[in-house]
Amino acid sequence: METLKERKGKGSAMGDGEICKSVAEVLGGQVSAHDQDSSKRIDGRAGAAGETPQDQGDTPTAIKTKKDSGVVDVDPCKATQWGLDDVVSWANGEHFSRVLSDCLRAESIDGSVLLSLTESDIRELRYRLDYKLAFGELKKFWLAVCKLQQLVKSSRSNSLAQVGRQQEVHCPSDGSRCERHGRMARTHIPPEYSKTALSLGYSFVVTWITSFVMVIVHEHVPDMERYPPLPDIFLDNLPHIPWAFDMCEITGSVLFTLWVLVLIFHKHRMVMLRRFCVLAGTVFLLRCVTMLITSLSVPGTHLKCSQKDYAIDKDSGDAANSMVLRMGRAYRIWSGLGMSIQGVRTCGDYMFSGHTVTLTMLNFFITEYTPRTLYHLHTFTWLLNMFGVFFILAAHEHYSIDVFVGFYITSRLFLYYHTLANNRSLMQSDAGRTRIWFPLLSYFESTAEGMVPNEFDSPRTLFRRLKGHFSGAKHYMKMGLHRCWLDRHFSLKASMLSFGSSQQITSQSSQTTQTRPNQSQNGTVRGVRLEPCSRVGGTSGHTSQKKKKVLKI
């Protein structure tokens with residue numbers, strides 16, 4: 001008898017055909033007609049693809065049929081450079097059907113598009129575009145695309161320069177990055193209007209606090225005669241330019257106009273507005289702390305700053321009037337946006353520069369939320385930012401340390417915030433610490449899935465969307481007014497009905513009270529029953545007398 005090991009050896013030595021033959025012998029050698037027809041169909045499909053059952057061995061017949069069928073050898077490592085013919089040749093080399101090859105040619109799928117395909121895209125070839133493709137062929141095509149993407153990713157380190165010259169602008173050459181890019185572009189980003197409104201309220205409160213703190217620090221500005229300007233390497237070597245500070249605010253106005261235009265036409269404007277309000281409010285809240293901690297002396301002798309400008313009589317002891325006076329001054333600063341061209345002049349708010357914060361924040365947001373191809377716009381915004389900083393120093397309105405600290409804090413906070421928001425894995429890996437040190441980030445970016453794609457609406461689309469919002473608001477307002485009218489109408493009707501029923505009740509009660517004292521002529525009162533079953537009082541009396549007689553018996 002054969003041992004189990006010898007049987008295993010024979011089984012491993014047998015080929016696929018021998019295994020199938022042995023199974024058929026065990027079953028009695030009977031093969032149904034359905035199986036024969038299916039085997040014929042499989043053999044015909046393999047022959048159409050340029051492969052016969054004998055080609056599954058080690059014979060080189062597959063290579064001959066591949067050349068005879070017109071398949072051209074293509075380099076998978078250069079998939080980003082493939083054209084339509086190269087992609088079709090690759091599909092034929094992978095033994096896909098003619099239908100799939102025609103589909104690739106009809107849909108203009110070249111090498112870069114092939115590397116950016118996802119599983120949902122391939123599934124849409126059958127269920128959305130209605131191509132007659134088998135499910136197994138779709139799955140094999142997806143596995144082949146994944147293999148090609150991994151091959152391109154591994155070869156990218158060797159031919160990075162060559163692939164970089166051939167790659168397109170909007171899609172990276174790396175297959176995985178390209179897939180992530182496509183997935184990012186198709187990700188639905190919720191606007192979250194409630195969070196945007198909360199961020200607007202947060203920035204509004206912070207601007208009020210900043211204006212009030214500016215009034216407080218002006219009351220405690222150091223005396224120029226006792227505390228002269230501190231030595232500064234830039235201010236000591238840069239002459240004073242009187243009109244420079246106005247030019248700084250003009251450059252800031254230009255940057256703000258560009259930012260508003262980007263905000264209006266961007267598709268994800270609510271996310272951008274929310275992030276801008278959160279970051280700006282956080283930086284200016286930090287500025288309030290630094291202004292209160294240390295009061296620096298006036299940086300230039302041309303500045304006529306004195307405590308008497310905002311002096312308040314402390315001997316009067318009227319704290320309410322002092323607070324009202326400070327709030328009025330803070331409102332003038334807040335309404336003028338703290339700008340000198342609006343007539344606002346303050347002293348003592350030096351560490352750190354609020355103008356530098358505004359210029360840097362606007363510059364970073366414009367460059368972040370516009371495409372990389374707009375390098376002329378990015379260069380222009382950076383020039384405005386740098387010239388604005390230069391004008392601040394040329395006007396001797398701030399020390400150099402104020403400008404440097406303002407630029408550093410704003411840029412670092414912007415980069416930290418967007419790095420964590422764009423990489424959700426970083427935020428989830430240490431969620432507890434993130435909630436402690438960055439509570440605003442944890443709340444406002446709780447639904448962030450990655451980078452916000454730079455997609456813009458055309459003026460026509462924007463106008464149509466605004467028209468839809470306006471018509472929707474009009475419809476809701478109309479429905480609300482109609483509902484209020486219905487509620488009021490039915491409430492009045494109900495009150496009238498209740499008032500009428502109360503009048504009937506009062507009239508009935510008055511009638512009963514009039515009939516109740518029914519006295520006879522001799523002064524005796526006859527008993528009257530008010531039960532609905534009784535017709536007249538006499539009958540009731542008669543029945544009562546009968547009951548009395550029955551009781552006597």
Side-chain angles (χ1 to χ4, degrees), residues 185-212 256-282 284-285 324 327-328 330-332 334-337 362 365 369 417 421 435 439-450 452-506:
R186 288 188 296 271
T187 301
H188 174 67
I189 301 177
E192 295 182 308
Y193 297 104
S194 59
K195 289 186 179 181
T196 304
L198 187 61
S199 65
L200 285 170
Y202 170 70
S203 61
F204 177 81
V205 172
V206 169
T207 51
W208 260 105
I209 295 175
T210 304
S211 302
F212 186 78
F256 182 75
T257 304
L258 293 175
W259 164 242
V260 170
L261 292 175
V262 173
L263 189 66
I264 290 174
F265 290 100
H266 205 283
K267 285 187 177 181
H268 307 288
R269 58 186 66 88
M270 290 299 160
V271 179
M272 298 163 53
L273 181 61
R274 181 167 64 247
R275 292 180 176 180
F276 182 83
C277 292
V278 170
L279 288 174
T282 303
F284 276 96
L285 190 62
V324 170
M327 292 299 293
Y331 176 76
R332 286 195 294 270
W334 180 82
S335 60
L337 301 177
L362 292 172
F365 266 94
Y369 293 101
Y417 189 95
R435 277 193 293 268
L440 295 177
L441 173 69
S442 300
Y443 175 71
F444 287 105
E445 303 298 333
S446 59
T447 59
E449 296 292 340
V452 176
N454 291 323
E455 301 172 347
F456 292 87
D457 289 330
S458 62
R460 183 178 180 181
T461 305
L462 184 62
F463 178 75
R464 188 183 306 163
R465 187 171 296 177
L466 290 175
K467 186 178 179 181
H469 288 310
F470 179 76
S471 61
K474 184 178 178 181
H475 174 72
Y476 284 127
M477 187 179 296
K478 187 176 179 180
M479 293 297 294
L481 292 175
H482 183 65
R483 185 175 180 180
C484 292
W485 181 83
L486 289 176
D487 293 341
R488 184 179 180 184
H489 177 72
F490 283 113
S491 63
L492 288 175
K493 192 173 181 179
S495 63
M496 290 177 64
L497 290 174
S498 62
F499 181 72
S501 61
S502 63
Q503 283 186 344
Q504 292 178 0
I505 292 172
T506 52

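All figures in this text were calculated on a predicted structure; none of them were measured in a lab.
Between Lys195 and Thr447, the side chains place no donor N or O within less than 3.5 Å of an acceptor N or O (distance only, hydrogens not considered).
For the residue pair Glu192 and Phe444, the shortest heavy atom distance occurs at OE1-O, 4.3 Å. Between Pro190 and Val271, the shortest heavy-atom contact is O-CG2, 4.3 Å. Between Phe256 and Leu362, the shortest heavy-atom distance links the atoms N-CD1, 3.7 Å. The shortest non-hydrogen separation linking Ser211 to Ala330 is CB-O, 3.4 Å.
In Phe212, the CZ atom is crowded: over 12 heavy atoms of neighbouring residues, nucleotides or ligands sit closer than 6.0 Å.
In this structure a side-chain-to-backbone donor-acceptor pair under 3.5 Å is present from Arg274 to Pro191.
Atom CG of residue Leu200 and atom CG of residue Leu273 lie 5.0 Å apart, to the nearest 0.5 angstrom. In this structure, CZ in Phe276 is found 14.0 Å from OG1 in Thr196, a value given to the nearest 0.5 Å.
The aromatic rings of Trp334 and Trp208 sit parallel to each other, their planes meeting at less than 30°, with 60° as the upper class boundary.
Between Phe463 and Ser458, every side-chain heavy-atom pair lies at or beyond the 4.5 Å cut-off. Residues Phe365 and Leu279 have side chains in contact (heavy-atom distance under 4.5 Å, counting atoms from C-beta outward). Residues Ser199 and Leu440 fail the side-chain proximity criterion, which asks for heavy atoms closer than 4.5 Å. Counting heavy atoms from C-beta outward, His268 and Pro453 have side chains that approach closer than 4.5 Å. When side chains are defined from C-beta on, Val262 does not count as touching Leu258, because their heavy atoms never get closer than 4.5 Å.
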- [ ] Just do the side-chain contact (heavy atoms from CB on, under 4.5 Å) check on Leu263 and Tyr369 with the steps written out, would you?
- [x] CA-CA 9 Å; Leu263 189 66; Tyr369 293 101; over 6 Å; no
Task: Full working for side-chain contact (heavy atoms from CB on, under 4.5 Å) between Tyr417 and Thr282 - done: CA-CA 11 Å; Tyr417 189 95; Thr282 303; over 6 Å; no
Task: Verdict with reasoning, Leu285 to Tyr202, per side-chain contact (heavy atoms from CB on, under 4.5 Å) - done: CA-CA 10 Å; Leu285 190 62; Tyr202 170 70; 4.0 Å; yes
TODO: Just do the side-chain contact (heavy atoms from CB on, under 4.5 Å) check on Tyr193 and Met270 with the steps written out, would you?
DONE: CA-CA 7 Å; Tyr193 297 104; Met270 290 299 160; 3.8 Å; yes
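Looking at residues two or more places apart in sequence or on another chain, you find no side chain to side chain contact (heavy atoms under 4.5 Å, CB included) involving Thr257. Residues that satisfy the ring-ring contact (aromatic ring centres under 6.0 Å, His included) test with Phe456, not counting sequence neighbours, are His266. Among residues two or more places apart in sequence or in another chain, the side chain to side chain contact (heavy atoms under 4.5 Å, CB included) test is passed with Ile264 by Val260, Leu462.
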